[in-house]
Asker: 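Here's a structure for you.
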Amino acid sequence: MRGGRRLFPLLLLALLPGLCHGRESAPGAVTCGSVLKLLNTRHSVRLHSHEVKYGSGSGQQSVTGVEASDDANSYWRIRGKSDSSCQRGTPVKCGQAIRLTHVNTGKNLHTHHFPSPLSNNQEVSAFGDDGEGDDLDVWIVQCSGTYWEREDAVRFKHVGTEVFLSITGEQYGHPIRGQREVHGMPAANHHNYWKAMEGVFIKPSLDPAKHDEL
């Protein structure tokens with residue numbers, strides 16, 4: 001597993017044209033099609049998922065927060081509410097509806113009216129197959145400017161249930177000991193700010209015919 005974590009970013013860089021990598025590039029907007037990690041700024045953990053299902057609630061694939069910065073299971077791909085609404089390389093606007101697709105499992109960040117297992121907030125899961133789920137996979141990017149800038153802390157508000165993607169610090173035991181519960185909260189507060197971190201940020205293509213999927 002550890003070898004896989006190291007290999008994943010190298011393979012990603014080898015396969016993707018027209019990109020700029022993480023903090024080595026100048027600050028700019030997050031773009032459609034980019035693959036990145038999201039850091040909760042209050043609790044310093046990255047949004048994470050894996051093939052471990054909840055033992056209660058929906059029984060869907062769990063979503064957690066992890067401290068490690070090099071875990072390959074923390075990469076998410078930025079997509080639109082529909083594929084045509086978020087063309088590859090286009091800057092994501094504040095107020096835009098997006099989907100966050102977990103790269104390694106192809107499931108979308110999702111929430112619904114189930115209680116989260118530790119805090120009894122709203123459960124957040126990963127749902128769907130090959131990037132296709134349902135209407136409860138859609139989130140609004142809340143930020144203060146025109147575009148979602150990589151240097152800014154932003155919130156993600158769920159369209160269907162109006163909760164914010166949040167972490168309040170509760171920790172799991174076996175089999176994911178030490179990982180934090182991710183959940184939805186009805187109020188905007190300091191527990192639901194996220195910042196773009198490590199990743200591959202897609203630049204707009206010079207050829208308008210090229211809109212390759214990641």
Side-chain angles (χ1 to χ4, degrees), residues 1 4-5 7-9 11-16 19 30-38 46-66 71-90 92 96-117 121-141 156-167 172 175-176 179-184 194 196 198-202 210-214:
M1 180 61 185
R5 291 177 184 175
L7 183 59
F8 176 83
L11 290 173
L12 198 60
L13 286 172
L15 292 171
L16 294 177
L19 52 82
V30 173
T31 53
C32 297
S34 294
V35 171
L36 51 75
K37 295 182 180 182
L38 291 166
R46 286 161 174 79
L47 188 68
H48 177 91
S49 191
H50 41 220
E51 293 181 347
V52 176
K53 294 182 179 180
Y54 287 120
S56 61
S58 69
Q60 294 176 3
Q61 182 171 299
S62 59
V63 173
T64 64
V66 298
D71 195 317
N73 275 318
S74 300
Y75 282 106
W76 300 83
R77 180 160 54 107
I78 308 299
R79 302 171 66 207
K81 184 177 179 180
S82 64
D83 287 337
S84 61
S85 66
C86 196
Q87 295 292 333
R88 183 179 186 271
T90 304
V92 176
Q96 184 170 336
I98 65 166
R99 289 175 291 173
L100 290 163
T101 301
H102 188 243
V103 171
N104 278 358
T105 63
K107 297 183 183 297
N108 295 327
L109 189 70
H110 179 95
T111 189
H112 40 209
H113 293 295
F114 287 91
S116 59
N121 285 298
Q122 186 165 297
E123 180 192 279
V124 171
S125 65
F127 174 76
D129 294 297
D130 296 324
E132 297 306 318
D134 63 21
D135 290 343
L136 294 177
D137 300 342
V138 182
W139 303 78
I140 297 294
V141 180
F156 300 101
K157 187 174 184 178
H158 190 244
V159 171
T161 65
E162 298 188 338
V163 297
F164 294 90
L165 184 68
S166 305
I167 292 178
Y172 288 104
I176 51 175
Q179 295 187 23
R180 311 296 177 87
E181 182 187 80
V182 174
H183 50 248
W194 300 85
E198 304 84 4
V200 177
F201 297 89
I202 303 300
K210 291 182 178 179
H211 295 295
D212 300 330
E213 290 295 326
L214 299 184

Asker: What I want to find out is whether Glu132 reaches Arg99 closely enough, with some N-O distance under 4.0 Å, to be called a salt bridge.
Answerer: yes
Asker: Nearest heavy-atom pair of Leu136 and His110: which atoms, and what distance?
Answerer: CB-CE1, 3.4 Å
Asker: Any chance you could measure Glu123, atom CD, to Glu181, atom CD, to the nearest 0.5 Å?
Answerer: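 So the gap between those two atoms works out to 9.0 Å.
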Asker: Given side chains that start at C-beta, do those of Gln96 and Cys86 come closer than 4.5 Å, heavy atoms only?
Answerer: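 Yes, side chains in contact.
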Asker: Do Leu165 and Leu109 come close enough that some side-chain heavy atom pair is under 4.5 Å?
Answerer: yes
Asker: At what distance, to the nearest 0.5 angstrom, does CZ of Arg79 lie from CD1 of Ile98?
Answerer: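 Rounded to the nearest 0.5 Å, the CZ-CD1 separation comes out at 11.0 Å.
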Asker: Side chains of Trp194 and Val141: does their closest heavy-atom pair fall under 4.5 Å?
Answerer: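 Counting from C-beta outward, Trp194 and Val141 never come under 4.5 Å.
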Asker: Rounded to the nearest 0.5 Å, what separates atom OG1 in Thr111 from atom NE2 in His158?
Answerer: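 If we round to the nearest 0.5 Å, Thr111:OG1 and His158:NE2 are 5.5 Å apart.
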Asker: Would you find a donor on one side and an acceptor on the other, under 3.5 Å apart, between the side chain of Tyr75 and the backbone of Glu198?
Answerer: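 Such a contact is absent between Tyr75 side chain and Glu198 backbone.
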Asker: Taking all non-hydrogen atoms of both residues into account, name the closest pair between Ser125 and Tyr54 and its distance.
Answerer: CB-CE1, 4.0 Å
Asker: Find the distance between CH2 (Trp76) and CG (Leu36) and round it off to the nearest 0.5 Å.
Answerer: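 Taking CH2 in Trp76 and CG in Leu36, the distance rounds to 11.0 Å.
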Asker: Measure the OG1-CZ distance between Thr105 and Phe127 for me, rounded to the nearest 0.5 Å.
Answerer: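 Output value for this atom pair is 12.5 Å.
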Asker: Between atom OH of Tyr172 and atom OG of Ser62, what is the distance when rounded to the nearest 0.5 Å?
Answerer: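 If I round to the nearest 0.5 Å, the distance is 6.5 Å.
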Asker: Do Ser116 side-chain atoms and Asn121 backbone N/O form a donor-acceptor pair below 3.5 Å?
Answerer: yes
Asker: Would you check if there is a donor-acceptor pair between the side chains of His48 and Ser74 at a distance under 3.5 Å?
Answerer: yes
Asker: Just by distance, no angles: are the side chains of Thr161 and His112 close enough, under 3.5 Å, to form a donor-acceptor pair?
Answerer: no
Asker: Tell me which one of Ile202, Val103, Ile78 satisfies side-chain contact (heavy atoms from CB on, under 4.5 Å) with Val35.
Answerer: Val103
Asker: Among Asp134, Asp129, Thr101, which residue meets the side chain to side chain donor-acceptor pair (under 3.5 Å) test with Asn108?
Answerer: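 Only match with Asn108 under side chain to side chain donor-acceptor pair (under 3.5 Å): Thr101.
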Asker: Within the 4.5 Å heavy-atom criterion, are His50 and Asn104 side-chain neighbours or not?
Answerer: no
Asker: Under a 3.5 Å distance rule, please check whether Ser34 uses its side chain to pair with a backbone N or O of Val30 as donor and acceptor.
Answerer: no
Asker: Taking side chain to side chain donor-acceptor pair (under 3.5 Å) as the criterion, tell me which of Gln61, His102, Lys107 meets it with Ser49.
Answerer: Gln61
